[in-house]
Number of protein chains: 2
Amino acid sequence: MMIESEKLVVYAPGGSIPAGECDSAHEHPDMQALRQMLPPEERLDDLAELYKIFGDTTRVKILYALLEAEMCVCDIAALLSMTQSAISHQLRVLKQTKLVKSRRSGKTVFYSLADEHVRTILSMGMEHLEEN
Amino acid sequence: MMIESEKLVVYAPGGSIPAGECDSAHEHPDMQALRQMLPPEERLDDLAELYKIFGDTTRVKILYALLEAEMCVCDIAALLSMTQSAISHQLRVLKQTKLVKSRRSGKTVFYSLADEHVRTILSMGMEHLEEN
DNA sequence: ATAACATATGAAAAAGTGTTCATATGAAAA
DNA sequence: TTTTCATATGAACACTTTTTCATATGTTAT
């Protein structure tokens, strides 16, 4: 039976992270090294948040429409056969995440893509789909 | 007052789509043309589904780990300090969507990226974050 | 001012997603 | 064969997200 002291591991000075591999017999990657190669957790969270925005049909449709032309809210709603309110809510999300921008002209508000990066990201995804 | 017949529109043969723009006074994009430029709805749904997969912290972390090395389930669980079950569930999602593949060696199952496309998609996202 | 209209927004309903827990499966070792 | 271990999976629960509905805001025309 294993005694308690055998479980102890001397950590790096400053108090660091346990090796954290499972105790299976096979070869494990160097966990310590691996942890250092990974981007910081917060960065990965941000990345997931970004993709989450693209991960909704309504938003993807809006973005694709805006690839072609600047449009007002009611035109987008008509195009997608959805309510003005639903579209407006999603446009707010897209604006908050800096994927679209808006300009007001009288009563109407026109939306357009904030930058060309959106096009690239959408294309990447489409390419992946086509190669499958 | 507008009479009923004025509302009628002659649609293309086969029964097609209403112009569907809002009745605001400003210029509208050519809705008919726009609809034809957009990818079919099903394709956009698939695209959103793909991004949805990347839109979760756990899955993004798993993918980033697998960029560096093939790993077994328990190592990933240890690396992310999550339960084996949670990781296994997510690996199933990633496998179903063809983003990772697995090979069995005795009791352990090793997971790795299905193709290099994953790397590209993740990089695109990261680039966008950095430029903001 | 008041009416008309495009858009925005809060709250609740409706739908969907991720983790946990308990347990099943599959493979090797005893 | 029985035990042990790594992984998989179904169901329940907690948590998010999206849409709807009612209504507010902001702008123009009357």
Side-chain angles (χ1 to χ4, degrees), chain A residues 1-2 20-28 44-45 48-63 70-97 100-112, chain B residues 2 20-28 44-45 48-63 66 70-97 100-112:
Chain A
M1 181 217 179
M2 186 190 273
E21 64 195 22
C22 65
D23 50 4
S24 181
H26 64 262
E27 270 298 302
H28 301 278
L44 294 176
D45 287 349
E49 286 306 312
L50 174 65
Y51 285 121
K52 208 172 282 183
I53 304 301
F54 287 88
D56 175 81
T57 313
T58 302
R59 288 191 292 264
V60 164
K61 285 175 190 162
I62 292 175
L63 292 174
E70 180 188 65
M71 291 176 77
C72 71
V73 181
C74 66
D75 277 343
I76 300 175
L79 178 66
L80 307 189
S81 306
M82 292 181 64
T83 67
Q84 174 270 320
S85 179
I87 298 301
S88 189
H89 276 294
Q90 296 299 3
L91 283 170
R92 181 161 52 117
V93 172
L94 292 171
K95 197 176 175 185
Q96 280 171 347
T97 54
V100 308
K101 58 182 194 283
S102 66
R103 94 188 150 81
R104 177 152 225 149
S105 169
K107 282 181 289 190
T108 45
V109 177
F110 291 96
Y111 281 85
S112 57
Chain B
M2 184 188 274
E21 63 195 23
C22 64
D23 51 3
S24 181
H26 64 261
E27 270 298 302
H28 301 277
L44 294 176
D45 287 351
E49 286 305 314
L50 174 65
Y51 284 122
K52 208 172 282 182
I53 304 301
F54 287 89
D56 173 82
T57 314
T58 302
R59 288 192 292 264
V60 165
K61 285 175 189 162
I62 292 174
L63 291 174
L66 295 181
E70 179 188 66
M71 291 176 76
C72 71
V73 181
C74 66
D75 276 344
I76 299 174
L79 179 66
L80 306 189
S81 307
M82 293 181 66
T83 66
Q84 175 268 322
S85 180
I87 299 300
S88 189
H89 276 294
Q90 297 299 4
L91 282 170
R92 181 161 51 119
V93 172
L94 292 171
K95 195 176 176 185
Q96 279 170 347
T97 53
V100 307
K101 57 181 194 283
S102 65
R103 92 187 151 81
R104 177 153 224 147
S105 168
K107 281 181 289 192
T108 45
V109 176
F110 291 96
Y111 282 85
S112 58

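Keep in mind the model is a prediction, meaning the values are calculated, not measured. So that the names make sense, note that chain A is the first sequence line, chain B the second, and so on, each numbered from 1.
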Between [X] and [Y], what is the shortest heavy-atom contact and its length?
| X | Y | answer |
| --- | --- | --- |
| Thr58(B) | Leu80(B) | O-CD1, 4.2 Å |
| Met82(A) | Ala86(A) | CE-CB, 4.0 Å |
| Ser102(B) | Tyr111(B) | CB-CE2, 3.6 Å |
| Arg59(A) | Lys52(A) | NH2-O, 3.2 Å |

Which one of Asp56(B), Ile76(B), Leu79(B) satisfies the side chain to side chain contact (heavy atoms under 4.5 Å, CB included) criterion with Ile62(B)?
-> Ile76(B)
Given Val93(A), which of His89(A), Gln90(A), Lys95(A) fulfils the side chain to side chain contact (heavy atoms under 4.5 Å, CB included) condition?
->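 That would be Gln90(A).
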Could you tell me the separation between the [atom1] atom of [X] and the [atom2] atom of [N], rounded to a whole number of Å?
| X | N | atom1 | atom2 | result |
| --- | --- | --- | --- | --- |
| Met71(A) | dA6(C) | CE | P | 15 Å |
| Leu91(B) | dA6(D) | CG | P | 16 Å |
| Ile53(A) | dT16(D) | CD1 | C1' | 13 Å |
| Leu94(A) | dT18(D) | CG | C1' | 13 Å |
| Arg92(A) | dG10(C) | CZ | P | 6 Å |
| Asp56(A) | dA14(C) | CG | P | 19 Å |
| Phe110(B) | dA6(D) | CZ | P | 11 Å |
| Arg59(A) | dT18(D) | CZ | P | 4 Å |

Partner lookup for [N], please. Criteria are Watson-Crick or G-U wobble with both distances under 3.5 angstrom; report none if nothing qualifies.
| N | result |
| --- | --- |
| dT19(D) | dA12(C) |
| dA30(C) | dT1(D) |
| dA24(D) | dT7(C) |

Taking the side chain of Ala86(A) as its heavy atoms from C-beta onward, which of dA8(D), dT7(C), dT20(D) lies nearest to it?
->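 Looking only at side-chain atoms, Ala86(A) lies closest to dT20(D).
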Scan Ser85(A) against the nucleic acid and name what it touches under 4.0 Å (heavy atoms): base, sugar-phosphate only, or nothing.
-> base
Using a heavy-atom cut-off of under 4.0 Å over every strand shown, decide if Ser88(A) touches base, sugar-phosphate, or nothing.
-> base
What one-letter contact string describes nucleotides 23-30 of chain D from 5' to 3', where B marks a base within less than 4.0 Å of any protein heavy atom, S marks contact via sugar-phosphate atoms alone, and - marks no contact?
-> ---BBS--
Below 4.0 Å: OP1/OP2 of dA8(C) and any side-chain N or O of Tyr111(A) |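 Answer yes for this pair, as a side-chain N or O of Tyr111(A) is under 4.0 Å from OP1 or OP2.
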Taking only N and O in the side chain of Thr83(A), is any of them less than 4.0 Å away from OP1 or OP2 of dT20(D)?
-> yes
Side-chain contact test, heavy atoms from C-beta onward, threshold under 4.5 Å: evaluate it for Lys61(B) versus Asp45(A) and give yes or no.
->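 A side-chain contact under 4.5 Å exists here.
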His89(A)-dT19(D) aromatic stacking (under 5.5 Å, under 30°) |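 Stacking is absent between dT19(D) and His89(A), given that the ring centres and planes do not meet under 5.5 Å and under 30°.
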Toward the 5' end of DNA chain D, which comes first, Val109(B) or Gln90(A), by nearest nucleotide?
-> Val109(B)
With sequence neighbours excluded, tell me which residues meet ring-ring contact (aromatic ring centres under 6.0 Å, His included) with His26(B).
->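 Once residues adjacent in sequence are excluded, the partners of His26(B) under the ring-ring contact (aromatic ring centres under 6.0 Å, His included) criterion are Phe110(A), His28(B).
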